[in-house]
Amino acid sequence: MLMDMGTPLLFLLLLTSSRLLVTVSANFNNDVDITWGNERAKILDNGQQLQLTLDRTSGCGFQSKAEYLFAKIDMQIKLVPGNSAGTVTAYYLSSQGPKHDEIDFEFLGNLSGDPYIMHTNVFAQGLGNREQQFYLWFDPTLDFHTYSVLWTSNQIIFSVDGTPVRVFKKREKELGEVDNNYHYPKSQAMRIYSSLWNADDWATRGGLVKTDWSKAPFVASFRNFNAAISSSNFAEEALDSNQEQKLQWVRNNYMIYDYCADTKRFPQGPPPECK
Ligand SMILES: *[C@@H]1O[C@H](CO)[C@@H](O)[C@H](O)[C@H]1NC(C)=O
């Protein structure tokens, strides 16, 4: 009797561990710490939802209790509605220390009806300068949308509602190359961070449009935070042809800045991973 019940369970465990993942559907009460802004960050619905607010005095933020070295992270976010100009909602992975690694999503607010900018970046050993920016193909303030980072030992895939928007690859070592200092986060564990703050000196139209404090407090909402970790580091995960097409569609229609194409900034040619 015991055997009969135990076998399928064991089989399931083996199946799970040989491939991916330990999926942790988080409860904000158990899995994050509010790190600044005091009562401006609120956990609601028994830990199912988290709200960040920004007023004239301060924004606020939270971080995951757990750290990850390679992971798939999903978060559903509903961004600040209405006139959100000057506000920034950030959702990113980061390690600590001066030579930290970081994988960023930042959402730059705008006047009502004008598009948010979704800003992405990848830091390695304290160095960033790998920005890509996008408009979204929907209004991100009307409902929750899923923003994901799949971070493996050889590539980072940023996705929105399952549509890949950016693939950042660890570049191959070139023939005869001894330098092992690739721009890739590969050895430092990261926490998940999120925050809402005022950045009206640069966020909206480069700082031209300021925050309208008569509209405060500004509110961004978070739910269904998921973190999956893997023993196999997801190294086998690659885009299929359908996802590849979607990525091209986003790049062709919604990408507004790509550091790889910025010849003014990199007159000597872009960083090597752009090739
Ligand atoms: C805000 O809207 C203006 C006008 O459409 C646009 O140029 C800008 O990229 C938008 N986003 C931000 C964050 O400035």
Side-chain angles (χ1 to χ4, degrees), residues 37 40 51-61 75-94 102-123 128-149 156 158-161 163-166 168 193-222 246-266 270 274:
R40 289 178 191 82
Q51 279 185 355
L52 297 182
T53 60
L54 164 70
D55 58 35
R56 208 188 270 268
T57 313
S58 179
C60 59
M75 181 84 79
Q76 292 195 334
I77 310 175
K78 189 172 166 185
L79 293 169
V80 175
N83 181 354
S84 59
T87 73
V88 172
T89 305
Y91 155 55
Y92 59 104
L93 286 151
S94 183
E102 195 176 307
I103 303 171
D104 291 338
F105 272 113
E106 281 183 342
F107 301 92
L108 318 185
N110 217 333
L111 295 169
S112 301
D114 279 349
Y116 262 79
I117 288 177
M118 183 175 75
H119 174 96
T120 64
N121 204 354
V122 176
F123 281 69
N129 299 330
R130 302 302 195 273
E131 301 87 354
Q132 280 187 4
Q133 296 187 331
F134 307 84
Y135 289 141
L136 293 161
W137 50 96
F138 52 84
D139 181 342
T141 73
L142 294 180
D143 211 338
F144 285 91
H145 291 271
T146 306
Y147 302 91
S148 310
V149 172
I156 300 163
F158 296 77
S159 322
V160 177
D161 292 332
T163 295
V165 297
R166 175 173 189 178
F168 186 90
Y193 294 82
S194 200
S195 52
L196 172 60
W197 80 90
N198 178 45
D200 67 359
D201 52 334
W202 61 271
T204 307
R205 296 182 59 204
L208 281 179
V209 187
K210 301 296 178 193
T211 303
D212 178 358
W213 292 111
S214 74
K215 301 293 189 305
F218 302 99
V219 181
S221 306
F222 298 76
K246 286 183 171 173
L247 174 69
Q248 286 313 320
W249 173 76
V250 172
R251 290 179 58 88
N252 294 339
N253 296 289
Y254 297 97
M255 189 165 71
I256 52 173
Y257 179 79
D258 181 7
Y259 75 105
C260 286
D262 192 339
T263 50
K264 269 201 220 119
R265 193 169 160 200
F266 301 105
C274 290

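When a ligand or atom number is given, it counts from 1 through the structure's own listing order.
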The side chain to side chain contact (heavy atoms under 4.5 Å, CB included) partners of C274 (sequence neighbours excluded) come to Y259, C260, P270, P271
Will you find, in the side chains of Y135 and N253, an N or O donor that is under 3.5 Å from an N or O acceptor? no
Would you confirm whether the ring centroid of F107 sits within less than 6.0 angstrom of the ring centroid of Y147? yes
Among residues at least two apart in sequence or on other chains, which ones pass ring-ring contact (aromatic ring centres under 6.0 Å, His included) with F144? none
ring-ring contact (aromatic ring centres under 6.0 Å, His included) involving H119 - partner list, sequence neighbours excluded: none
Which N/O atoms of ligand 1 sit under 3.5 Å from a protein N/O, and at what distances?
{"unit_1": "ligand 1", "atom_1": "2 (O)", "unit_2": "N110", "atom_2": "OD1", "d": "3.4"}
{"unit_1": "ligand 1", "atom_1": "2 (O)", "unit_2": "N110", "atom_2": "ND2", "d": "2.5"}
{"unit_1": "ligand 1", "atom_1": "9 (O)", "unit_2": "Y135", "atom_2": "OH", "d": "2.7"}
{"unit_1": "ligand 1", "atom_1": "11 (N)", "unit_2": "N110", "atom_2": "ND2", "d": "2.6"}
{"unit_1": "ligand 1", "atom_1": "11 (N)", "unit_2": "P115", "atom_2": "O", "d": "2.9"}
{"unit_1": "ligand 1", "atom_1": "14 (O)", "unit_2": "R205", "atom_2": "N", "d": "2.7"}

With T120, the side-chain hydrogen bond (donor to acceptor under 3.5 Å, both in side chains) member among E131, Q132, R130, R166: R166
